[in-house]
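Reading through the structure tokens given below for one structure.
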Amino acid sequence: MILNQGWSWKQRDNKILSVLDELHGGIEEGWRMARTFPSEVHIELLKEGLIPDPYIGFNEHKVQWIGDAEWLYKCSFPFANLSEHEHAVLEFEGLDTVCDVYLNGKEILSTDNQFRTYSYSFSLSGDVSILQEMNTLLLHFKSAKALAKAEEEKYGKVRAGSTNLGDPSRVYVRKAQYDWRWDWGPELMTAGPYRPITLKTYSARLNEVHTRASVSFHKITGVSASYLKVDVIIEGSAISEAVEVVLKDSAGKELKRERVVLKENATTVCDLVAWNLSSEDVRPWWPVGYGEQNLYDVQVSLIGPNDYVLDTQFKRIGFRSVELIQEPLAEADQYGTGSTFLFEVNGVRIFIGGSNWIPADNFLTTITEERYRAWLTLLRDGNQNMVRIWGGGIYEPDIFFDICDELGILVWHDFQFACGVYPAHAAFVESVRKEAEENVRRLRHHPAIALFCGNNEDYQMILQWGDTEDLPARILYEKVLPETVAALTDPPIPYHRGSPYGGKGWDTADPTIGDVHQWEIWGGKEYPYQDYDKRGGRFVSEFGIPSMPDMRTIAHWMGGADKSQWYPQSKLMAQHTKAGAFERRFAIVMNENFRLTSDLETWLRPKASYFSIARQLAPITVGIYRTVSNIHHFVSFLSLTLGQVIKNRANDRPRQFYEFGAMQSHDAIIDIWGTNATLSSRAAKLELAYHDLNSSWTSRETYDVNILPNQSTELLSIRCPGPPQDGVEPPSGDPVWTSSFSVVVNARLLDSDGHVIARCADWPQPYRFLELPEPQLRVEVSGEQVTLSVQRPAKGVWLSVDREGSEVVWSDNSLDLVPGDPQIITAKGLNGRSLKVAYLERITQNIDRSKRHLSDIMASEYQVVPDSPPHLRFEPDPCPDPPALA
């Protein structure tokens with residue numbers, strides 16, 4: 001029985017001495033019907049119109065009192081033991097967080113861990129039972145914030161991240177740490193029964209089913225052999241006679257069935273079945289891009305007298321092996337030797353590209369299966385094959401992992417600790433042990449699970465601060481958690497102590513061992529983003545540059561604010577951008593690379609990293625790296641390729657920047673690389689096309705290349721050509737100069753039929769120096785197919801549509817276009833609407849579907865300010881209405 005009906009809630013009245021005295025009464029005593037269940041108190045208050053939307057304006061500050069208050073939930077439910085069962089259990093899959101539970105006036109549970117499933121078992125036999133014909137369940141939620149401060153007073157104040165990461169007392173309470181605020185989100189102290197509550201009755205049942213699915217491959221033939229073992233734990237009365245196990249494929253076809261007679265009074269049965277399955281029986285599960293996501297259903301039934309089915313459990317499994325490979329490296333790279341840090345699935349070493357996952361909403365009860373599926377599908381469609389569940393959130397619900405299994409997305413799962421010095425007193429350790437055991441048992445059968453990790457940045461915090469002597473929670477990360485994972489997973493799931501972790505003395509920044517978090521671009525030393533190639537490591541589990549969201553999202557949170565607030569450094573922008581010094585950090589990246597501007601929407605032009613990353617993570621890619629040389633005399637091509645470059649003076653500018661001041665740029669080389677994530681070599685034709693932005697000069701050359709399997713291949717290293725210099729005035733007056741400063745390099749890989757396998761364009765930097773020609777962009781629309789072509793190069797061509805109607809799903813966007821290389825993309829959901837287009841040097845233009853050439857068709861939404869570079873200054877019309885919330 002799922003208890004999801006008839007719930008009411010209210011704020012606890014502290015003037016009433018006993019919480020049980022608040023059970024009676026209706027709305028006049030403050031009780032209100034819950035609009036949804038599972039439930040969270042902010043959502044209930046919002047739906048009743050008692051609080052403003054915390055996501056809009058400054059409303060976050062108007063709801064802080066909710067975290068200080070106490071809250072009550074109650075429901076009544078009937079019970080009749082029609083099946084004459086002997087036992088019952090009330091299960092609470094998620095109580096947030098500090099909660100006393102009363103059943104018919106008796107306190108049956110007291111909880112303090114949001115991440116655990118709590119249960120209360122009792123007997124139904126005999127004359128006395130706690131259950132009645134009509135029953136009342138009361139949940140009394142106390143302030144987690146208050147508990148945190150009380151524990152801090154008891155055990156001492158510790159460090160827990162920067163001031164952007166909420167009050168450090170958070171480390172004492174096993175509750176989602178982002179509720180206390182993070183540098184990406186608000187402070188909203190949630191409370192309520194956020195996951196289902198069920199009443200189960202039984203005489204005997206399967207308390208636990210452990211499916212152990214594995215696969216191995218023949219070293220010569222590559223043929224797979226799969227194995228399935230099943231363990232069960234039985235509880236209840238001694239009436240069980242047998243257990244039946246059935247294996248079915250995803251279409252429901254039965255593949256194998258076995259009934260095992262139980263020994264008398266058996267409760268724990270290991271290797272109940274041990275099946276060897278051939279490649280004809282089952283096929284392996286693979287991460288996306290490496291094979292099919294074959295899934296199978298295991299049905300386990302507990303059989304009693306007269307073949308009566310007492311209980312049944314289902315598990316959906318996949319046959320795969322996963323290892324974390326950390327092997328010593330004999331040959332040094334740019335970082336040194338050290339060791340590898342990579343994942344091997346089914347014997348194949350996988351190149352990992354993925355995203356970090358923070359909870360999709362502060363209010364967890366609003367995250368539907370559809371929202372989970374949309375986000376994870378977006379990740380998969382972006383050629384990503386791993387998601388890391390970050391340690392400051394929650395253990396996501398089962399549906400999250402079911403979807404990852406279906407889509408072939410590997411999961412790196414942090415245990416829920418983030419950026420703090422966590423305690424290690426006995427009660428805390430024991431609570432964490434139970435939390436870990438429950439969640440490992442719940443998740444271990446998912447083929448998507450690739451790694452459990454001890455924490456997020458706890459080791460790093462100690463090193464970063466330098467004033468904290470020890471990390472008490474090492475007992476968790478180095479003993480409790482790894483022992484739990486080792487004991488409960490078979491085949492074993494890898495465990496990693498922390499993210500990042502590696503190096504001597506916990507050197508979490510050592511690029512030669514373990515994983516690293518690379519935040520020295522956005523934060524830290526604030527290196528230019530062009531340095532990412534030097535700031536890597538064996539496995540970069542976090543990196544990035546934050547950016548603002550879609551203008552529609554901003555319009556929503558602005559909540560109709562006066563236009564005077566629509567600028568990057570306004571109070572409202574600061575309210576919704578929690579990261580420290582964000583204005584300076586944004587300004588550095590913007591102003592180093594683009595021309596100065598202060599208007600809001602230029603700052604918020606689409607930053608289409610999703611599409612850029614998707615192109616870089618495609619199965620086969622081509623890339624270009626340009627290095628600009630500052631030399632005081634002519635250097636031969638041979639010396640350039642050997643790296644024998646004499647610089648006229650040292651400088652701290654990015655290597656890709658052309659210089660025209662005290663430093664002079666005299667030459668450049670380009671390195672061409674190919675990547676191949678498939679397991680077969682790929683022969684291709686490499687085509688290089690050069691287009692000068694300041695003249696009509698072009699050049700083209702081709703090479704036959706072979707891209708090796710499952711690795712990167714250096715294809716070419718040559719001097720970057722440019723238009724003839726004869727009769728041309730040097731741009732800065734230096735007699736030794738390179739004309740490549742205005743040359744766009746376009747690389748394409750073509751198959752034997754001339755089809756494009758991959759493409760990449762490299763533009764001279766910095767972009768603020770460029771004088772871009774009119775590209776004469778041509779857009780042809782046929783149904784949902786959009787073809788784009790240009791006569792001159794165009795940078796970052798971004799397509800969008802009028803806001804009315806459903807969202808368009810673009811197969812690609814933010815395109816670099818060059819002459820002779822038209823690109824075709826799909827716009828699912830276009831539904832006959834007009835397109836809008838924007839690119840560097842042009843603000844959004846409408847595309848009239850009756851026309852095909854963009855000449856003077858300007859969008860009514862924007863007016864370009866005359867006599868100024870169009871991509872620097874323009875004025876938007878009054879902001880559109882915010883989108884409706886689902």
Side-chain angles (χ1 to χ4, degrees), residues 2-13 22-23 25-77 92-99 114 136-145 175-176 178-179 181 185-197 359-372 374-375 394 397 399 552-553 555-561 575-576 881-886:
I2 300 177
L3 303 181
N4 58 3
Q5 301 292 324
W7 284 92
S8 302
W9 63 276
K10 66 168 291 192
Q11 184 179 351
R12 169 83 164 99
D13 186 350
E22 294 201 60
L23 267 174
I27 193 169
E28 63 276 4
E29 282 79 28
W31 286 102
R32 297 173 182 268
M33 293 299 297
R35 300 289 190 93
T36 58
F37 200 87
S39 176
E40 195 285 318
V41 71
H42 288 80
I43 296 300
E44 299 295 348
L45 288 163
L46 186 61
K47 290 186 174 183
E48 290 287 341
L50 299 176
I51 61 170
D53 189 334
Y55 293 151
I56 293 178
F58 296 105
N59 291 343
E60 174 189 346
H61 305 287
K62 299 176 182 179
V63 300
Q64 290 306 304
W65 61 273
I66 297 172
D68 297 317
E70 298 182 4
W71 300 92
L72 303 179
Y73 280 81
K74 70 173 181 178
C75 83
S76 296
F77 61 95
F92 304 83
E93 294 184 26
L95 297 174
D96 181 14
T97 292
V98 185
C99 183
Q114 180 182 3
T136 300
L137 191 61
L138 174 67
L139 310 178
H140 175 199
F141 289 94
K142 302 175 183 179
S143 171
K145 190 172 169 182
K175 175 176 172 60
Y178 77 107
D179 286 345
R181 186 175 73 247
E187 179 179 346
L188 295 168
M189 296 296 292
T190 55
Y194 76 105
R195 285 185 179 165
I197 299 173
D361 204 295
N362 277 79
F363 305 131
L364 300 174
T365 58
T366 67
I367 311 174
T368 61
E369 177 181 343
E370 291 73 23
R371 290 180 69 187
Y372 276 123
W375 277 105
I394 62 169
I399 188 61
R552 290 172 290 173
T553 301
H556 175 70
W557 86 41
M558 296 294 276
Q575 163 65 21
H576 293 272
D881 293 334
L885 292 181

If you compare all heavy atoms of [X] against all heavy atoms of [Y], which two are closest, and at what distance to 0.1 Å?
X    : Y    : result
P54  : L188 : CB-CD2, 3.8 Å
L23  : W31  : O-NE1, 3.9 Å
I394 : A176 : CG2-CB, 3.9 Å
Q114 : L364 : NE2-CD1, 3.8 Å
Y372 : P397 : OH-CD, 3.3 Å
A69  : Q11  : CB-NE2, 3.6 Å

W9 and L45: CA distance, side-chain angles, deciding distance, side chain to side chain contact (heavy atoms under 4.5 Å, CB included) verdict: CA-CA 10 Å; W9 63 276; L45 288 163; 3.5 Å; yes
Spacing of [atom1] belonging to [X] relative to [atom2] belonging to [Y], to within rounding of 0.5 Å:
X    : Y    : atom1 : atom2 : value
M558 : H576 : CE    : NE2   : 8.0 Å
I43  : I51  : CD1   : CD1   : 7.5 Å
F92  : Y194 : CZ    : OH    : 14.0 Å
Y73  : I197 : OH    : CD1   : 10.0 Å
E187 : N362 : CD    : CG    : 10.5 Å
F141 : E70  : CZ    : CD    : 12.0 Å

Is there side-chain contact between [X] and [Y], with at least one heavy-atom pair below 4.5 Å?
X    : Y   : answer
K175 : V98 : no
H42  : I66 : yes
M33  : W7  : no

Applying side-chain contact (heavy atoms from CB on, under 4.5 Å) to D361 and not counting sequence neighbours gives Y55, F363, T366, I367, R371
N4 side chain to F37 backbone, donor-acceptor under 3.5 Å: no
Would you confirm whether E40, through its side chain, and A191, through its main-chain N or O, come within 3.5 Å as a donor-acceptor pair?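 Indeed, once roles are kept as given, a pair shorter than 3.5 Å links the two residues.
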Are E44 and R32 ion-paired here, with the side-chain N under 4.0 Å from a carboxylate O? no
Could R12 and E22 be called an ion pair, given the rule that one side-chain N must be under 4.0 Å from one carboxylate O? yes
Given L139, which of C75, S39, P193 fulfils the side-chain contact (heavy atoms from CB on, under 4.5 Å) condition?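 When C75, S39, P193 are each tested with L139, the side-chain contact (heavy atoms from CB on, under 4.5 Å) holds only for P193.
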